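Given the structure is predicted, the values throughout are model-derived calculations rather than measurements. Here is the naming used below: chain letters follow the sequence lines, and residue numbers restart at 1 for every chain.
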Number of protein chains: 2
Amino acid sequence: MSTAPFTIYLVDDDAGVLKALARLLTSHGYDARTFTSARDFLDAHDPALPGCAVLDVAMPDLDGLQLQQALAEGGAGRPVIFVTGRGDIPTSVRAMKAGAADFLTKPVKEEDLLDAISRIREREALLHHERQELQAVRSRLATLTPREHEVLTHVIAGRLNKQIAFDLGTVEKTIKVHRGRMMEKMGVRSVAELVRMAERAGIRPPET
Amino acid sequence: MSTAPFTIYLVDDDAGVLKALARLLTSHGYDARTFTSARDFLDAHDPALPGCAVLDVAMPDLDGLQLQQALAEGGAGRPVIFVTGRGDIPTSVRAMKAGAADFLTKPVKEEDLLDAISRIREREALLHHERQELQAVRSRLATLTPREHEVLTHVIAGRLNKQIAFDLGTVEKTIKVHRGRMMEKMGVRSVAELVRMAERAGIRPPET
DNA sequence: CAGACAGTTGGCCCAAAGGCCAATATGCCC
DNA sequence: GGGCATATTGGCCTTTGGGCCAACTGTCTG
């Protein structure tokens with residue numbers, strides 16, 4: 001079933017549930033890891049690794065929804081599936097609004113959980129390429145000198161070298177040099193490519 | 001409470017519920033319209049007008065979730081709030097996955113419904129400007145001749161006039177003319193602006 | 001048929017972008 | 001102090017983009 005590494009982080013204060021789910025997932029080829037508390041999970045969690053979290057809603061100390069929020073604040077878009085014994089509609093709605101991928105009720109039907117994980121894997125696969133590209137763009141951006149970065153923002157605003165020079169208090173020739181080096185470092189050969197790249201990386205042109 | 005026109009489309013097979021909700025909303029300044037069946041609503045619905053739908057989940061013939069799907073297929077991003085008497089978690093989850101803004105249980109607390117509507121209004125207000133711009137871009141696109149549109153796609157790919165000419169089987173001079181007229185019609189003065197505009201309108205450069 | 005529109009092309013000229021080589025100035029690290 | 005990165009500027013030349021005027025062709029419509 002599973003080929004690429006994909007870890008399922010199981011978090012539930014009931015060791016029996018953990019064990020049962022872990023066995024189910026492991027038997028389907030997943031790398032299942034279990035945690036009996038939200039803290040344990042957060043401490044050991046590496047947002048960079050592929051996978052998804054399966055969280056119990058009701059847990060002492062930090063509950064499932066709080067853990068979900070902590071994950072979201074961590075910046076990583078770690079997908080979350082909730083599993084609950086005594087959940088109610090308002091809770092499920094809150095979880096879904098907060099971005100949960102699914103919200104299942106105990107006893108969990110094996111098929112439901114496997115399907116949910118499967119859908120997440122598909123979505124993650126689609127997002128993977130995009131994230132890689134974003135990372136590549138960011139690392140290129142990091143190689144720009146402050147001046148080059150500044151020129152970049154003016155270029156994606158569609159300004160002429162002449163105008164940029166005026167804005168930065170220098171002459172056109174200087175801008176041409178920065179611009180050329182910036183294009184070289186960013187690995188693009190046209191303003192169109194540069195704009196698209198900057199757009200995805202969230203770089204915005206200066207207001208003025 | 002309400003200033004700009006914002007219609008609430010209430011759909012419920014229970015006339016009593018409709019009346020109660022309509023009175024509540026009307027007293028808060030909303031333009032509430034009631035429908036006792038999904039069909040009635042769909043027939044009278046204009047996706048272009050601002051507002052949101054408050055749907056009962058359980059209705060004969062076409063139920064709330066089906067109606068939500070019908071609205072989504074209609075292309076309009078009409079926000080939907082569900083209200084249900086005997087809902088369960090799986091149903092609420094399905095509704096939220098399908099894009100519902102909220103899912104409330106009867107008896108509906110007045111505050112909950114008003115808050116939900118209020119959040120929708122805020123979000124719609126933010127989306128409004130973007131939609132207006134998208135519409136403006138599309139109407140400009142509609143004024144382009146087929147050739148100009150084709151040139152546009154090549155320009156946003158960052159191709160040189162010379163290359164575009166080769167691809168389209170003509171000469172550079174011709175491309176310059178189309179390009180100039182296209183830029184004029186699109187109301188932009190730089191490739192950067194054009195790329196951003198096209199990006200938002202979903203125009204993609206040709207593969208080759 | 002006349003006229004409008006789309007598409008095409010040429011010539012002319014200017015503005016803008018960008019490459020190549022060289023040079024200067026500053027600040028920082030070893 | 002020497003080396004290195006950054007920023008700056010100049011000159012020179014080529015390519016590219018783009019505006020203006022003019023002209024020709026084909027299609028479609030009143």
Side-chain angles (χ1 to χ4, degrees), chain A residues 136-199 201 203-206 208, chain B residues 136-199 201 203-206 208:
Chain A
V137 173
R138 285 194 206 273
S139 44
R140 278 178 212 156
L141 278 171
T143 70
L144 298 182
T145 69
R147 208 54 161 169
E148 285 163 359
H149 190 280
E150 204 165 8
V151 170
L152 181 150
T153 67
H154 283 78
V155 170
I156 63 175
R159 302 224 211 302
L160 299 180
N161 290 339
K162 179 186 297 189
Q163 299 172 318
I164 301 172
F166 179 79
D167 290 345
L168 300 190
T170 181
V171 297
E172 186 180 350
K173 177 66 212 194
T174 306
I175 299 304
K176 282 188 181 183
V177 174
H178 289 314
R179 182 173 181 155
R181 282 204 272 260
M182 175 273 288
M183 296 291 279
E184 168 72 28
K185 286 182 179 177
M186 295 304 291
V188 296
R189 306 188 66 187
S190 68
V191 175
E193 290 174 77
L194 185 71
V195 170
R196 248 192 292 279
M197 190 173 282
E199 198 81 352
I203 310 277
R204 299 294 161 198
T208 30
Chain B
V137 173
R138 285 194 204 277
S139 45
R140 279 177 210 157
L141 277 172
T143 69
L144 298 183
T145 68
R147 207 54 161 168
E148 285 163 358
H149 191 281
E150 203 165 10
V151 170
L152 181 150
T153 66
H154 283 78
V155 170
I156 63 176
R159 301 224 212 301
L160 300 179
N161 289 339
K162 182 187 296 189
Q163 299 172 318
I164 301 172
F166 179 80
D167 290 346
L168 300 189
T170 180
V171 297
E172 188 181 348
K173 176 67 212 194
T174 306
I175 300 303
K176 283 188 178 182
V177 174
H178 288 315
R179 182 173 181 156
R181 283 203 272 258
M182 176 272 288
M183 296 291 279
E184 168 72 28
K185 286 182 179 177
M186 295 304 291
V188 295
R189 305 186 65 189
S190 68
V191 175
E193 290 174 76
L194 184 71
V195 169
R196 247 192 291 282
M197 189 173 282
E199 197 81 353
I203 310 280
R204 299 295 162 197
T208 31

Can you measure from [atom1] ([X]) to [atom2] ([Y]) and round to the nearest 0.5 angstrom?
X: B:Gln163; Y: B:Ile175; atom1: CD; atom2: CD1; answer: 11.5 Å
X: A:His178; Y: A:Thr145; atom1: NE2; atom2: OG1; answer: 6.5 Å
X: B:Thr143; Y: B:His149; atom1: OG1; atom2: NE2; answer: 10.5 Å

In whole angstrom, what separates [X]'s [atom1] from [N]'s [atom2]?
X: B:Leu194; N: D:dG17; atom1: CG; atom2: P; answer: 14 Å
X: B:Glu150; N: C:dG7; atom1: CD; atom2: P; answer: 9 Å
X: B:Glu148; N: C:dT8; atom1: CD; atom2: P; answer: 10 Å
X: B:His178; N: C:dA6; atom1: NE2; atom2: C1'; answer: 8 Å
X: A:Lys185; N: D:dA5; atom1: NZ; atom2: P; answer: 10 Å
X: B:Met182; N: D:dG18; atom1: CE; atom2: C1'; answer: 12 Å

Report the residues that fulfil side-chain contact (heavy atoms from CB on, under 4.5 Å) with A:Glu184, sequence neighbours left out, ordered by chain and then residue number. none
What residues, two or more places apart in sequence or in another chain, satisfy salt bridge (charged side-chain N to carboxylate O under 4.0 Å, His left out) together with A:Glu148?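 With sequence neighbours excluded, A:Glu148 shows a salt bridge (charged side-chain N to carboxylate O under 4.0 Å, His left out) to A:Arg181, A:Lys185, given in chain and number order.
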Sequence neighbours excluded, which residues qualify as side-chain hydrogen bond (donor to acceptor under 3.5 Å, both in side chains) partners of B:Arg204? B:Glu199
Nucleotide by nucleotide, nucleotides 11-30 of chain C touches protein heavy atoms under 4.0 Å in the pattern (B base, S sugar-phosphate only, - none) B----SBBBB----------
Nucleotide by nucleotide, nucleotides 24-30 of chain D touches protein heavy atoms under 4.0 Å in the pattern (B base, S sugar-phosphate only, - none) -------
Would A:Leu141 and A:Met186 count as a side chain to side chain contact (heavy atoms under 4.5 Å, CB included) here? Give the steps. CA-CA 7 Å; A:Leu141 278 171; A:Met186 295 304 291; 3.8 Å; yes
Near-strand residues of residues 137-147 of chain B, defined as heavy-atom separation under 4.0 angstrom from DNA chain C: B:Thr145, B:Pro146, B:Arg147
Go through it in stages, so that I can follow the logic: the residues are B:Leu168 and B:Arg147, the test is side chain to side chain contact (heavy atoms under 4.5 Å, CB included), and I'd like the CA-CA distance, side-chain angles, deciding distance and then a yes or no. CA-CA 9 Å; B:Leu168 300 189; B:Arg147 207 54 161 168; 3.8 Å; yes
Does the pair B:Arg196/B:Glu193 count as a salt bridge with the N-to-O cut at 4.0 Å?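 A salt bridge is absent here (no side-chain N lies under 4.0 Å from a carboxylate O).
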So, do B:Val171 and B:Thr174 sit near enough that their side-chain heavy atoms are less than 4.5 Å apart?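 Heavy-atom side-chain distance check passes, below 4.5 Å.
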Exactly one of A:Arg179, A:Glu172, A:Lys176, A:His154 clears side chain to side chain donor-acceptor pair (under 3.5 Å) with A:Asn161, and that residue is A:Arg179
